[in-house]
**Student:** 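After the structure tokens below, expect a handful of questions from me.
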Amino acid sequence: TGDARASGEEVSRSTIGAIVLDEAATVEDAEEAEGFERREDDDEGGEEEDEEVPLDEKEAKRARLMADYAKARIPKPPLAEANFVMKALSDDDRSFMRGALLIGLESAGGMGRTPNELARLARGEGHRFTVRRVASAGMKDGSVTFPLGSVDVDVGARCRFFVRDGEFAKKEVEALWMGYKKRELEGTLMGGADLNPPTACLVLPTLDRGAKLFGGKVGYESGIVSDFLPSIPSISGFFANGVLGELDGTLAGTSGGCGMNDNMLHGSSSQYVVFRSKTKRPIYSPRKAREEAADAATLAAEEKSAERQLAAEDEKRTLNTKNFGPSDNAEDQATAVAAPRSEDGELVVRRREIHSGRAMSVSTVEWSVAEKIAKPTSALEGYMWEKETEVDRLRERNPLALVMSSVKAAMMDPTKPKPRDWTGPVRRAAGADGNFVIIPECKRMEPVSGSLRKRYDISKIVKQLTAAGAPAISINSDGVLFGGSMDDIITAREASNAAAVAASLESGDDGDGVEAPPVLASDLLLYPYQLYKLRLAGADAVTLVVGALESKDLIYLTKIASTIQLQVVASVTSEVQIDMLSKLGAGSVAALIVSNRDLETFDFDSSGGQALSLLRSEALASFREKNGEDVPILVEGRVGIVEAAEGGDNVAYIKALKDAGAFGAIVGGGMAAVNEQDVAESMVSWSL
């Protein structure tokens, strides 16, 4: 009901003879309590708006309070005031107050910044009152006496009546721990003592602070401790008849002007003891250990699942490759014929037959029934058929006209990224000394050998290659045999840009010192539609497999690529294919790849002799004569893996390639076989 002051002649230092209402403190406390509850409601209620109380109603309430205060301004015996207070209480509180009269005496300096008990606790200012039980009362004069010798009551000290209430007890515990966290945070921010993190907490409540007080909720106080100290592994404790210690010994008793409380025996109280490691020893948490073990088990299960999925994809693509080419079955091999070849030795590849079959009418619907399904005669032919099917499906979802419009809009939009020069950084990497340039290739798998990595994280790989100083990169975006996708181009470009900026900032170049490597999209390109899609994905250059294209298709695709600002890197496996490139206009091809791949089986020449033979051929000399010596001639296939025939290591084979006139190499499988920490070192050792 309000604060009061002891007054009158003292019969004993432990007796209160009369009290008088402290109106100013009571009004201030009521306003602070109302504001504190409003803040609590705001925290719990979210965006609900408070209902405004009409001004007339506020004035009427204030008038009633003032009238009550006027009656209470005269000194009264404590028992008389207690009887007056009980009239405003509930039946339960009235019954409890009659059985046990509790009076709180203000601690030294208790007024502080706010008189409200909960608000003080939440701010870390500690309790304002020390609650004590009245030992005896004078029936004649209405005085109250505390246990003799337990306390000295000073004239003018503030006091307050208390009753035990479960809801207030809950708020008190929460406010106390809120103040504890606030004081710790302030100490850290203000550069106070460097306290080690809590490691455990001991909760010591008295016997009357069990589940019944907290509305039947078992373990309420330990639950609050767990909420405010979530990282500690141990919360323990036991019930007692009382607790010994200073009131707010770790808060008000140490600093902040709240005064020092004497050690005393407290009843109907709880004590919390927080333990800290003196040596900052790491905290062992059984719960955290169980969570880590569960996470490890989940990760292991995910890895096994990923491995099974990867093995299934390997088997599927390997089987596709075998189905495309000659059969391994002895009976099939006996009746099989070699892949057809032209007079000049080139594979003869047919486009997919989409109108084969016998027409059959069913009611009003006419069907085409394939009587004999065609089988590809080589891995390249089967690869082309699957790629044609893939492109047809893409066209159904995203028509060619729409894709062309998007490309045109991107070329006209100055905010969209433009294709970068792919061969420029490659030439600069060679330098004046003519270093052998290593261009790493990112691909998930090989059609014959299977997956190259257990985990194919394209973003992580590209960032590592950029940090290692790769002048350019090749991304295999084919999804038929190599397990790639068009999204790999987008991811690679973003990752390379991010890695370049990070490296520049780390070296103090303000983001301009390290150049992001341009991206070469490696895929089996048969239609202009694919070029448009790669342009939108962010490719800077594209690879054309010459062995899969006729001369007219080669001319058409190079022109389309030039129109949309994509550089063309042609891949050849024979001298006939090099001669086809020589018939194109000068500058149609930005770079040339001589490959060790066998297009009939899509396996590699394990000796590496195919690339060496092409490098020394007259066809390549004619190509250089027409297109200039500055066109980079790159080697692809088993570079970094193949060892020289004369008994050397893989570096000896690279030296042989360089001596034969190779400008550099695109390294995929060889780079995948290198440990992550050795990528940069391998690139340097191979760059002769």
Side-chain angles (χ1 to χ4, degrees), residues 306-328 339 347 376 378-387 390 438-458 460-462 465 473-486 488-489 492 520-525 543 545 547-548 569 571-573 593-611 634-643 650 653-654 665-676 679 682 686:
E307 289 178 1
R308 287 194 296 268
Q309 184 178 0
L310 194 60
E313 291 181 1
D314 285 355
E315 184 178 359
K316 175 183 175 182
R317 288 181 170 82
T318 304
L319 183 61
N320 283 343
T321 307
K322 290 181 178 179
N323 290 337
F324 294 161
S327 175
D328 294 333
L347 279 174
S378 64
L380 175 61
E381 190 173 78
Y383 186 13
M384 291 172 59
W385 291 2
E386 290 292 329
K387 183 61 67 174
E390 180 185 75
I438 298 297
I439 301 168
E441 182 179 27
C442 302
K443 54 184 173 182
R444 186 184 300 271
M445 64 199 321
E446 272 290 337
V448 177
S449 59
S451 296
L452 300 177
R453 296 177 175 88
K454 285 187 176 181
R455 288 187 175 274
Y456 184 68
D457 187 343
I458 184 69
K460 180 180 178 182
I461 296 172
V462 169
L465 296 175
I473 55 177
S474 174
I475 305 295
N476 196 308
S477 58
D478 167 64
V480 177
L481 295 183
F482 294 89
S485 70
M486 200 77 70
D488 290 345
I489 304 295
L520 169 66
S522 179
D523 200 344
L524 181 60
L525 303 180
T543 300
V545 180
V569 179
S571 176
V572 297
T573 59
I593 298 174
V594 291
S595 176
N596 276 316
R597 193 179 293 278
D598 181 1
L599 297 181
E600 183 174 351
T601 62
F602 245 72
D603 200 357
F604 284 114
D605 176 11
S606 58
S607 67
Q610 179 172 296
L634 307 172
V635 179
E636 176 208 22
R638 312 297 287 174
V639 177
I641 299 177
V642 174
E643 297 182 357
N650 53 19
Y653 176 69
I654 294 175
I666 295 180
V667 184
M671 194 64 67
V674 176
N675 294 328
E676 294 180 0
V679 170
S682 297
W686 293 339

**Student:** Donor-acceptor pair, distance only, cut-off 3.5 Å: does the side chain of Asn596 make one with the backbone of Ala611?
**Tutor:** yes

**Student:** Go through Val639 and Ile666 one step at a time and tell me if the side-chain contact (heavy atoms from CB on, under 4.5 Å) criterion holds.
**Tutor:** CA-CA 8 Å; Val639 177; Ile666 295 180; over 6 Å; no

**Student:** Could you give the distance from CD (Glu390) to CG (Asp478), rounded to the nearest 0.5 Å?
**Tutor:** 6.5 Å

**Student:** If I take atom NZ from residue Lys387 and atom CG from residue Leu525, how far apart are they, to the nearest 0.5 angstrom?
**Tutor:** 8.0 Å

**Student:** Decide yes or no on side-chain contact (heavy atoms from CB on, under 4.5 Å) for Ile438 and Met671, but give the supporting numbers first.
**Tutor:** CA-CA 10 Å; Ile438 298 297; Met671 194 64 67; 4.0 Å; yes

**Student:** Can you list the steps and then say if Val594 with Val572 is a side-chain contact (heavy atoms from CB on, under 4.5 Å)?
**Tutor:** CA-CA 5 Å; Val594 291; Val572 297; 4.0 Å; yes

**Student:** Say you draw a straight line from CG of Leu634 to OG of Ser595; how long is it, rounded to the nearest 0.5 Å?
**Tutor:** 11.5 Å

**Student:** Can you name the nearest heavy-atom pair linking Pro447 to Phe482, along with the distance?
**Tutor:** CD-CE2, 3.5 Å

**Student:** Taking atom OG1 of Thr573 and atom CG of Asp605, what is their separation to the nearest 0.5 Å?
**Tutor:** 11.5 Å

**Student:** Is any side-chain heavy atom of Val462 less than 4.5 Å from a side-chain heavy atom of Cys442?
**Tutor:** yes

**Student:** Could you tell me whether a side-chain N or O of Tyr383 sits under 3.5 Å from a main-chain N or O of Leu481, the two making a donor and an acceptor?
**Tutor:** no

**Student:** Heavy-atom distance under 4.5 Å between the side chains of Val569 and Ser474, does that happen here?
**Tutor:** no

**Student:** Among Thr543, Ile475, Ile593, which one satisfies side-chain contact (heavy atoms from CB on, under 4.5 Å) with Ser522?
**Tutor:** Thr543

**Student:** Search all heavy atoms of Glu381 against all heavy atoms of Pro376 and return the closest pair with its distance.
**Tutor:** OE1-CA, 3.3 Å

**Student:** When rounded to the nearest 0.5 angstrom, what is the spacing between OH in Tyr456 and CD1 in Ile461?
**Tutor:** 5.5 Å

**Student:** Going through the checks in order, is the side-chain contact (heavy atoms from CB on, under 4.5 Å) test met by Arg444 and Asn476?
**Tutor:** CA-CA 8 Å; Arg444 186 184 300 271; Asn476 196 308; over 6 Å; no

**Student:** Would Glu446 and Arg597 count as a salt bridge (charged side-chain N to carboxylate O under 4.0 Å, His left out) here? Give the steps.
**Tutor:** CA-CA 11 Å; Glu446 272 290 337; Arg597 193 179 293 278; 3.2 Å; yes

